[in-house]
Amino acid sequence: MNTKKNLLGLTLFIIFAISITSCKGPDNKPMGGPIPVNLYEVKQEQAVYDDLYPGNIVALNEVELRSEVNGFITGIFFQEGQPVRKGQKLYEIEHSKFNAAYTQAEANLQIAKANYEKAKSDADRYNKLGEQGMATKQRVEYSETDLQNAKNQVASAEAEVVRASTDLRHAIIIAPFDGTIGISMVKMGAFITAGQTQLNTISSDDPIAVDFVINEKEISRFMALKQQKSNTTDSLFTITLPDKSIYPFPGSIELFDRAVDPQTGTLKIRLKFPNTKRSIRAGMSCNVRVLNRNPDKLTLIPYKSVTEQMGEFFVYVVEKDTAKQHKVLLGAPVNDKIIILNGLNPGEQIVVDGVQKLKNGSAVQLAPPVDPTKK
């Protein structure tokens with residue numbers, strides 16, 4: 001049994017050795033020859049492209065609705081998730097109770113005013129009698145005191161009317177501006193606490209904003225962009241939506257944040273976009289595209305010549321018919337090309353076709369031209 005195993009192992013070894021030998025040429029090098037590739041000469045040229053910044057879509061106006069009175073919800077007058085108009089009635093909170101309190105306060109004010117008029121008449125009468133010696137000084141003083149008390153009661157009743165009027169007004173929650181209302185956080189009959197219970201949220205839709213941050217070194221550039229005017233063929237600010245589509249309407253700079261964040265050295269910028277169809281909503285993420293008309297010549301190469309390994313990017317530079325891997329730092333894409341910030345020099349020859357067959361040090365040769373008449 002052991003002899004048979006040894007013979008089998010020897011046979012497999014001989015077959016493996018023959019197969020290895022057959023893959024080598026006379027000079028004991030692997031056969032197959034140089035890999036045919038197409039080359040591209042690195043050069044610098046001017047380009048117009050978009051710088052990309054991650055952004056977030058936000059509402060220009062957004063408010064949480066809360067009540068300023070305690071009570072039970074007795075009316076809801078909107079459809080959740082639908083547009084509302086400024087001044088539109090949204091919620092009612094025990095309106096009849098607050099209306100009754102207002103009516104009572106008004107009645108109490110009228111009584112207080114009547115008492116004041118009587119006290120004033122009495123005080124005037126006793127003052128005249130006192131001047132004629134027909135009323136004691138004490139009686140005159142009492143009438144003056146009654147008049148002052150009546151005046152204070154009127155002031156108190158007026159304050160109560162103002163309070164009741166305010167409560168009555170707050171018993172109706174209205175939309176503070178045009179926008180879209182969210183899903184109600186309370187239902188009919190729910191008890192709410194003034195200043196604490198959140199009823200809903202309203203956010204404006206059109207126009208809508210996009211927030212993104214820039215490095216503090218770019219502030220002067222964006223200040224200049226704010227002064228520029230975009231046109232129909234050359235939009236300064238556009239956005240790419242989560243589905244990779246480009247939003248068809250350009251935006252403009254609405255504002256710069258108050259100060260640079262000292263922790264990150266960045267400044268927040270807010271753009272404003274029209275949103276008449278309400279196709280974008282607050283909370284979405286996007287990429288802000290900022291048009292860059294760089295006057296300097298840049299190093300651009302075909303994007304298909306770039307390979308990625310472990311998050312780093314490389315191209316194959318051909319030197320003496322050998323492909324050598326060069327690490328590069330990528331910039332912004334420009335159509336089917338990409339800007340190279342570092343790693344290549346003008347005049348170098350790089351591989352654009354056949355990259356997938358290469359490894360560092362591979363021998364290469366120029367591929368024969370393709371005859372377009374042949375398939």
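Side-chain atoms are counted along with the backbone in the values below, which use heavy atoms only and exclude waters and symmetry mates.
Defined by atom type and a distance below 3.5 Å, a donor-acceptor pair is present between the side-chain atoms of Gln198 and Thr201. Looking at Asp205 and Thr180, their side chains do bring a donor and an acceptor atom within 3.5 Å of each other. Between the side chains of Glu218 and Tyr53, at least one donor-acceptor pair of N or O atoms lies under 3.5 Å. Under 3.5 Å, the side chains of Asn152 and Gln148 contain a donor-acceptor pair of N or O atoms. Side-chain contact annotation: Asn200 with Glu80, donor-acceptor N/O pair under 3.5 Å absent. One side chain, Asn292 or Tyr49, offers a donor N or O that lies under 3.5 Å from an acceptor on the other. Inspection of the Asp206 and Asn275 side chains reveals no N or O donor paired with an N or O acceptor under 3.5 Å.
Between Asp178 and Lys86 there is no salt bridge, since no side-chain N of the basic residue sits under 4.0 Å from a carboxylate O of the acidic one. Remark: Glu45 engages Lys337 in a salt bridge, criterion side-chain N to carboxylate O under 4.0 Å. Residues Lys268 and Asp257 are not paired through a salt bridge, judged by the lack of any N-O separation under 4.0 Å between the basic side chain and the carboxylate. Under 4.0 Å is where a charged nitrogen must lie from a carboxylate oxygen, and between Arg163 and Glu160 at least one such pair does. A salt bridge links Arg221 to Asp51: at least one charged side-chain nitrogen sits closer than 4.0 Å to a carboxylate oxygen. Looking at Glu64 and Arg66, a side-chain N of the basic residue comes within less than 4.0 Å of a carboxylate O on the acidic one, giving a salt bridge.
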Before giving the answer on ring pair (Phe, Tyr, Trp, His ring centres under 6.0 Å), spell out for Phe191 and Phe72 the whole-Å C-alpha distance, their side-chain angles and the decisive distance to 0.1 Å.
CA-CA 4 Å; Phe191 183 82; Phe72 294 94; 5.0 Å; yes
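Contact annotation: the side chain of Ile76 never approaches that of Lys89 to less than 4.5 Å [non-hydrogen atoms, C-beta and beyond]. Between Glu158 and Val161 the shortest side-chain heavy-atom distance does not fall below 4.5 Å.
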What donor-acceptor contacts under 3.5 angstrom involve side-chain atoms of residues 309-321, with partners at least two apart or in another chain?
{"from": "Glu312", "atom 1": "OE2", "to": "Lys327", "atom 2": "NZ", "distance (Å)": "2.8"}
{"from": "Tyr316", "atom 1": "OH", "to": "Gln325", "atom 2": "NE2", "distance (Å)": "3.4"}
{"from": "Tyr316", "atom 1": "OH", "to": "Leu358", "atom 2": "O", "distance (Å)": "3.3"}

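Considering CD1 of Ile173 and CZ of Phe78, their distance stands at 11.0 Å, rounded to 0.5 Å.
Side-chain contacts under 4.5 Å among hydrophobic residues (ILVMFWY), followed directly or transitively, place Val213 with no other residue at all. Taking Ile, Leu, Val, Met, Phe, Trp and Tyr as hydrophobic and joining them when side-chain heavy atoms fall under 4.5 Å apart, one finds Leu255 isolated, its cluster having no other members.
Within a 6.0 Å sphere centred on NZ of Lys97, other residues, nucleotides and ligands contribute more than 12 heavy atoms.
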